[in-house]
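Since the model is a prediction, treat every value here as computed from it, not as a measurement.
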Amino acid sequence: MTQEVRVRYAPSPTGHLHIGGARTALFNYLYARHNNGKFIVRIEDTDTARNIETGIMSQLDNLKWLGIEHDESIDIGGDYGPYRQMERLDTYKEHSEKMLEKGLAYKCFCTAEELEAERDAQKASGIAAPQYNGTCRNLTAEEVAEKEAAGKSFTIRAKVPAGVKYEFNDLVRGPISFESKDIGDWVMVKTTGIPTYNFAVVIDDHLMKISHVFRGEEHLSNTPRQMMIYDAFGWDYPGYGHMTLIINEDRKKLSKRDESILQFISQYKDLGYIPEALFNFFALLGWSPEGEEEIFSKEELIRIFDVERLSKSPSMFDKQKLMWMNNQYIKQLPLEEVVKLSLPHLQKAGRLPEEMTPEQAEWANKLVALYHDQMSYGAEITELSEQFFTEELTYGEAEKEILAAEQVPEVMTAFKEQLASLENFEPAEIKAAIKAVQKSTGHKGKNLFMPIRVVITGQMHGPELPDSISLLGKDKAIARVSQYASA
């Protein structure tokens, strides 16, 4: 590849980093790193009415947290700045004026009301996709000057050429073509002087020497408009690759209003997900490696990333798979890291104090250690460990069925006696106490262990039973046996 690979992720600061944006950024990043190229983050902030103050930093901070490091942007600069569109207005003005001079664009003085009335009329006549009717397309220089002198505001429209077919080989989808007759003269510059997306993006991509554009398939219909601008200046097109939709588990297009899936990277960060796991998960959301392996380091993904393996089919956001994958990463973390991930959630829930004594800290470490291999994300510790913070347990129907067995009173009476006799309440001693109950009562297996587990924890499944009982403490364990006996 002779041309340097330069790709970009160009968010608008109208919101925080969304999972769709994160995937787009990630595929661009992987392509750049695989080809020893550059990854640029450009801020497209021309939608001034919808921009939010924290939008830009949310994008940059969460990309960095995911491990998607950029080479050029507003925070570190670069040779092709400014990297914020509102700081490039003079550049857009210069290029729009060149197009006016060439007769490839024109000033349109139609009002919003006139345009709306024309759209309504076209729809009423059965036109499904209304187009601008060209009212101002052939105004003379004198007519334009007269309207400007009268103080009339105007947009600048691209003059779409007749009879042109726009063709390109999409890096994901293969050959794509559009007919110019299906595209009406479109607005390049608004009445405010601010460029529209399809005009500004081409100027920026060309001047920043962007070699390839990977983006969501919703941008596919924008491509012919952008190709017109490239043609107007005699510039080469970049390579285009349009990634497929992300769909939910109902196989419907993922919407920001879809409450069944967490939508923003900050939400996963706040819940205690591992950034490396999300990086891995998003890499497989519309791209597949060779073989069956699914767990990859960033370095491995950079090495094996092949654009030809980008999917042509929609990609399902599988929440269970993400939780499974995050669990695989948590299992590999040292316990001290898992404690850091979990502790804030226990404190936020009021389960542990903000300032802990050494004894409390040791107990918290043991608690997290119990669930180290089971946890799917940090915040899950509050739900998993609820039994340790509940004064009185409640039993479900399945648990009640276990406790209704005829041997249970005998087992629990013997177990309570064993617990009361223990001076050292450590797992090994508790395990020996359970063994002693087996010996004295003759009950073993599920008939022994399940009643003890349900009475002590309120659950049929969980971590190692002696560990759980030890962590619960002698007084609380005996109190739960007594609670069962008096029920």
What's the spacing between [X] [atom1] and [Y] [atom2] if we round to 0.5 Å?
X: T196; Y: N222; atom1: OG1; atom2: CG; result: 9.5 Å
X: D47; Y: Q85; atom1: CG; atom2: CD; result: 10.5 Å
X: L30; Y: F305; atom1: CG; atom2: CZ; result: 5.5 Å
X: D318; Y: N248; atom1: CG; atom2: CG; result: 11.5 Å
X: L254; Y: S315; atom1: CG; atom2: OG; result: 11.0 Å
X: E386; Y: I381; atom1: CD; atom2: CD1; result: 12.0 Å

Whether the [X] and [Y] side chains hold a donor-acceptor pair (N or O, under 3.5 Å, no angle test) is what I'd like checked.
X: H242; Y: R215; answer: yes
X: Q226; Y: N198; answer: yes
X: E72; Y: Y83; answer: yes
X: S482; Y: K416; answer: yes
X: E410; Y: H443; answer: yes

Query raised in the report: Taking it one step at a time, do L60 and I74 satisfy side-chain contact (heavy atoms from CB on, under 4.5 Å)?
Result: CA-CA 10 Å; L60 295 178; I74 61 172; 3.9 Å; yes

If we only count heavy atoms from C-beta on, is the [X] to [Y] side-chain gap below 4.5 Å?
X: T223; Y: I176; value: no
X: I40; Y: D71; value: no
X: Q332; Y: I330; value: no
X: I452; Y: I469; value: yes
X: V41; Y: R8; value: no
X: L422; Y: I430; value: yes
X: M86; Y: I194; value: yes
X: L346; Y: T382; value: yes

Any donor-acceptor pair under 3.5 Å from [X] side chain to [Y] backbone:
X: Q59; Y: I56; answer: no
X: H34; Y: I302; answer: yes
X: R480; Y: I456; answer: yes
X: S288; Y: L284; answer: no
X: Q418; Y: V437; answer: no
X: N280; Y: M325; answer: no
X: D250; Y: K252; answer: no

Going by the angle between their ring planes, with limits at 30° and 60°, are [X] and [Y] parallel, tilted or perpendicular?
X: F168; Y: F178; result: parallel
X: F317; Y: F282; result: tilted
X: Y377; Y: Y273; result: parallel
X: Y371; Y: F388; result: perpendicular

Taking [X] first and then [Y], would you say they form a salt bridge - that is, a charged N and a carboxylate O separated by under 4.0 Å?
X: R42; Y: E44; answer: yes
X: K366; Y: E362; answer: yes
X: K209; Y: E4; answer: no
X: K123; Y: D120; answer: no
X: D75; Y: K64; answer: yes
X: E69; Y: K298; answer: yes

Mark yes when over 12 heavy atoms from residues, nucleotides or ligands other than [X] sit less than 6.0 Å from its [atom1]; otherwise mark no.
X: E293; atom1: CD; value: yes
X: E116; atom1: CD; value: yes
X: E300; atom1: CD; value: yes
X: K444; atom1: NZ; value: no

Requested in this report: Dump the intermediate steps for ring-ring contact (aromatic ring centres under 6.0 Å, His included) on H18 and F264, then the final yes or no.
Outcome: CA-CA 4 Å; H18 184 259; F264 299 100; 5.6 Å; yes

Report task. Applying salt bridge (Lys or Arg N to Asp or Glu O under 4.0 Å), run through R309 and D306 and close with a yes or a no. Result -> CA-CA 6 Å; R309 296 190 67 83; D306 180 356; 5.9 Å; no

Query raised in the report: Would T14 and I52 satisfy side-chain contact (heavy atoms from CB on, under 4.5 Å), going step by step from the backbone distance to the final call?
Result: CA-CA 5 Å; T14 55; I52 62 173; 6.0 Å; no

Report task. Kindly determine whether W65 and L278 satisfy side-chain contact (heavy atoms from CB on, under 4.5 Å), including the steps that lead there. Result -> CA-CA 10 Å; W65 179 76; L278 285 168; 3.6 Å; yes

Query raised in the report: Could you give all pairs that pass the side chain to side chain donor-acceptor pair (under 3.5 Å) test and reach residues 457-476, with sequence neighbours left out?
Result: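 Applying side chain to side chain donor-acceptor pair (under 3.5 Å) to every pair that reaches into residues 457-476, excluding sequence neighbours, yields nothing.
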
Requested in this report: Among F214, Y9, F279, find the residue that satisfies the side-chain contact (heavy atoms from CB on, under 4.5 Å) test when tested with Y29.
Outcome: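 Testing each of F214, Y9, F279 against Y29, the sole residue satisfying side-chain contact (heavy atoms from CB on, under 4.5 Å) is F279.
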
Query raised in the report: So Y484 and M412, side-chain contact (heavy atoms from CB on, under 4.5 Å) or not? Walk me through it.
Result: CA-CA 9 Å; Y484 152 77; M412 296 315 302; 3.7 Å; yes

Query raised in the report: What do the steps show when you test Y197 against H219 for ring-ring contact (aromatic ring centres under 6.0 Å, His included), and what is the final call?
Result: CA-CA 11 Å; Y197 166 76; H219 286 287; 5.4 Å; yes

**Report entry** Verdict with reasoning, F281 to W287, per ring-ring contact (aromatic ring centres under 6.0 Å, His included)
**Finding:** CA-CA 10 Å; F281 177 76; W287 176 83; over 10 Å; no

Report task. Taking the six-membered ring of F199 (Phe, Tyr or Trp), confirm whether the NZ or CZ of R225 is under 6.0 Å from its centre and within 45° of its axis. Result ->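 Judged by the rule (NZ or CZ under 6.0 Å from the ring centre, within 45° of its axis), R225 is not positioned above F199.
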
